[in-house]
Each structure stands twice: as structure tokens, then as C-alpha cells.
J.: 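Here's a structure for you.
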Amino acid sequence: MPRKQVRTTSRGTTSDSTMKTAALLCLDEHMSERSVATSLNICHVSLNRYIKKFKLDRETGSSLPSVGYRPHSKVFNEIHEKQLVNYIKNSADIYFGLSSKEVRKLAFEYTVKQELKIPKNWTRNKEAGVDWFSEFLKRNSSISIRRPEATSLSRAMNFNKVNVKNCMDKYQSVLLKYKFEGQDIYNLDETGITTVQRTEKVVASRGKKQIGAITSAERGTLVTMCLAVNDLGNFIPPMFIFPRVNYKDYFVRGGPSGCVGVANKSGWMQGN
């Protein structure tokens, strides 16, 4: 588990405007640094350093000094992290997403390639630390740990720009030829459902290794359900395909109103 680091000091929390106001009071109004620091709740040592930089920048005409806490052990800058995030997103888009451990190894290899300064434990373990990965996700909210859906290689290879364009061209030609309207266009798909109820989380004794809950069976039968919805949002009652040779009416008892049940030895959808 990554550590949850808590600040123990208020160092670096003073705003730019407060520090600038304090510096102007000391330089223009000739007030003492300690009195101004006490009145504005600022560390007098930090104010003294800021005034030195403020005077120098005002004389040279450069920008005002920046304030705030900057971690000295930061490995990547914003450009590096953006490149890492883009690489992770592209890997997931082509169905080869990286696990958390692979991302940590990638971060280490990237630092070696860029010749960046890294902590000793990175070099020892040949990967970034768990704490770094946790903070990396917090800094980049556009990515998160997800559970991927199993996708076959044939589906991933066939889902490309050329095939999608051919499908949409045929779809457009059919619409123009037959003048179909929203109530005539249906989207049909199938999904698998199980006959075993999914157990909910319960409150039990801490440390107990095995907690059970009563269900209809430990391993149920997978039933195929066919659904169809048209372009207007209307749907027809679902059809259930049971993996049996003979169908009984009580199979769909308590199911959705108007649903249909059939039996098939394989349990999958077929033409008939």
C-alpha cells in the first residue's frame, strides 16, 4: 500500500500576493521585517530571502520571484509525464494496455533513456516506486486503473477504419434506398446471464478467511439473452436461449413481461 504523506509544516503555503505585500511594506514603508512577518503570519527568514530576490529582480527588471513548495525529488517534468500518459493511453487503445507494474517499469526505462536523476530504490528494483505511481495517478486524472474486457484478436484486427467505413457506406445506401425511419431501425445484441445470484458484501468477523452466502448453486448455467432496441428507444421483450434440448414454460417464470424462451442444445443463438 502506498504511504499517505501528511504535511508537518506550513512551509511554502504563503501566496505570492501576501509575500509581495510584505516586501513592499518593508521596502517602501520602511517597516521592520519581523513586525511585518508577525502581522501577516509569515516566517521572517522566508520573508528576508524573498526581499533580497525582490530587490534584485526590481533593479534588473526581471519577473518577480516565485514562492511555494517545490519537491526537490521530482523525477519527471510536465512534458515527460504528458508523454508517459499519451503512451499509456495509446497502448490501451490498441488493446495492449499496461498494468501498474508495467507502467512502473516503463517509467524507470524512460528515466534511463532521458538520463534523469532517480531515487536509489528505482535503480535497485529496476522500476518506479509504488508511492510514485499513486501520486502519478492523482496528478493525471485522465487515466485510472481499469479492468479490460476480453477481446479476441480477430475482432481487434477487423475493427479498423477501412471496415468501419465500408459498413457505414452500406448502411447509408440501404437507408437512402428503402427510406427507413427510426422505428424501422433496430440494434440487436446478445449477452450471457447466469442463473446464480451474485452475492453482496456483508459485515462479518475481521480476519476470518472464508465467508459464505446461500445461493441457488455455486456454479450456474449460462443462459443467452437476445435484446433488440430501435432508433426511437422502443424495445421488444427479450428472448432467452436455454442450453437444453426441450424447453419448459416455467423456465421464464417471473421474467420480463412478454419475454420468450426457447431451447437449444448449444445454448447459443442460431439462425433457426
Side-chain angles (χ1 to χ4, degrees), residues 1-92 98 100-146:
M1 291 294 291
R3 295 172 295 176
K4 185 177 180 181
Q5 299 178 351
V6 180
R7 288 181 64 97
T8 57
T9 66
S10 59
R11 178 190 174 201
T13 58
T14 307
S15 63
D16 292 328
S17 59
T18 304
M19 294 296 290
K20 182 180 178 181
T21 302
L24 292 175
L25 289 174
C26 295
L27 295 176
D28 297 341
E29 302 296 333
H30 304 289
M31 298 177 61
S32 66
E33 295 179 3
R34 284 185 176 272
S35 62
V36 173
T38 303
S39 61
L40 297 179
N41 195 21
I42 305 173
C43 176
H44 68 280
V45 179
S46 299
L47 178 59
N48 180 265
R49 289 197 298 264
Y50 183 85
I51 290 176
K52 292 180 180 179
K53 296 179 181 178
F54 185 84
K55 289 171 61 178
L56 179 62
D57 294 339
R58 191 159 64 171
E59 292 173 358
T60 58
S62 57
S63 59
L64 294 176
S66 60
V67 298
Y69 176 75
R70 292 179 297 277
H72 66 280
S73 60
K74 188 174 182 180
V75 178
F76 299 111
N77 57 29
E78 294 182 359
I79 298 177
H80 292 153
E81 287 209 349
K82 186 176 181 181
Q83 292 176 346
L84 275 176
V85 170
N86 291 337
Y87 185 89
I88 294 171
K89 289 181 179 179
N90 292 335
S91 299
L98 304 177
S100 59
K101 191 173 185 63
E102 290 171 337
V103 171
R104 290 160 54 194
K105 289 184 177 180
L106 174 66
F108 169 74
E109 294 172 358
Y110 189 47
T111 57
V112 174
K113 187 71 175 178
Q114 296 292 331
E115 298 180 354
L116 302 176
K117 184 179 179 181
I118 57 177
K120 292 182 180 179
N121 65 318
W122 286 34
T123 306
R124 182 174 61 253
N125 300 327
K126 304 298 181 183
E127 62 183 17
V130 178
D131 292 339
W132 172 86
F133 180 70
S134 176
E135 296 299 323
F136 175 72
L137 292 180
K138 292 179 182 178
R139 290 192 299 269
N140 301 277
S141 58
S142 60
I143 57 175
S144 62
I145 300 177
R146 306 283 301 276

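Keep in mind that what you see is a predicted model, and the values were worked out from it rather than measured.
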J.: Please report the interatomic distance CD(Q114) to CD(E109), rounded to the nearest 0.5 Å.
T.: 13.0 Å
J.: Is the shortest distance from a Lys or Arg side-chain nitrogen in E102 or K105 to a carboxylate oxygen in the other one below 4.0 Å?
T.: no
J.: With sequence neighbours excluded, what pairs up with N86 under the side chain to side chain contact (heavy atoms under 4.5 Å, CB included) test?
T.: K82
J.: How many angstroms lie between OG1 in T18 and CG in L47, if you round to the nearest 0.5 Å?
T.: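 One gets 11.0 Å once the value is rounded to the nearest 0.5 Å.
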J.: Considering residues at least two apart in sequence or located in another chain, which fulfil the salt bridge (Lys or Arg N to Asp or Glu O under 4.0 Å) criterion with E81?
T.: R139
J.: State the CG-CD1 distance between L106 and I88, to the nearest 0.5 angstrom.
T.: 6.5 Å
J.: Name the orientation class of the two ring planes belonging to F136 and W132 (parallel below 30°, tilted from 30 to 60°, perpendicular beyond 60°).
T.: parallel
J.: Given 3.5 Å as the limit, does a donor-acceptor pair link the side chain of S39 with the main chain of V36, or not?
T.: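 A pair under 3.5 Å: yes.
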J.: Hey, could you give me the CD1/CG distance between I51 and L56, rounded to the nearest 0.5 Å?
T.: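 Reported to 0.5 Å precision, the distance equals 13.5 Å.
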J.: Less than 6.0 angstrom separating the ring centers of Y110 and Y87, yes or no?
T.: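 Between Y110 and Y87, the centre distance exceeds or equals 6.0 Å.
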J.: Are more than 12 heavy atoms, taken from residues, nucleotides or ligands other than N77, located less than 6.0 Å from that residue's CG atom?
T.: yes
J.: So, using side chain to side chain contact (heavy atoms under 4.5 Å, CB included) as the criterion, who are the partners of T123 when residues are at least two apart?
T.: I118
J.: Who pairs with R34 by salt bridge (Lys or Arg N to Asp or Glu O under 4.0 Å), at least two apart in sequence or on another chain?
T.: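 Partners of R34 under the salt bridge (Lys or Arg N to Asp or Glu O under 4.0 Å) test: none.
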J.: One pair to check against side-chain contact (heavy atoms from CB on, under 4.5 Å): I42 and Y50. What are the steps and the verdict?
T.: CA-CA 11 Å; I42 305 173; Y50 183 85; over 6 Å; no
J.: Side-chain polar contacts of residues 23-31 - donor-acceptor pairs under 3.5 angstrom, sequence neighbours left out - could you list them?
T.:
none

J.: Distance from E115 atom CD to K113 atom NZ, nearest 0.5 Å?
T.: 9.5 Å
J.: Which residues satisfy the side chain to side chain donor-acceptor pair (under 3.5 Å) test with E127, sequence neighbours excluded?
T.: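 K101, R104.
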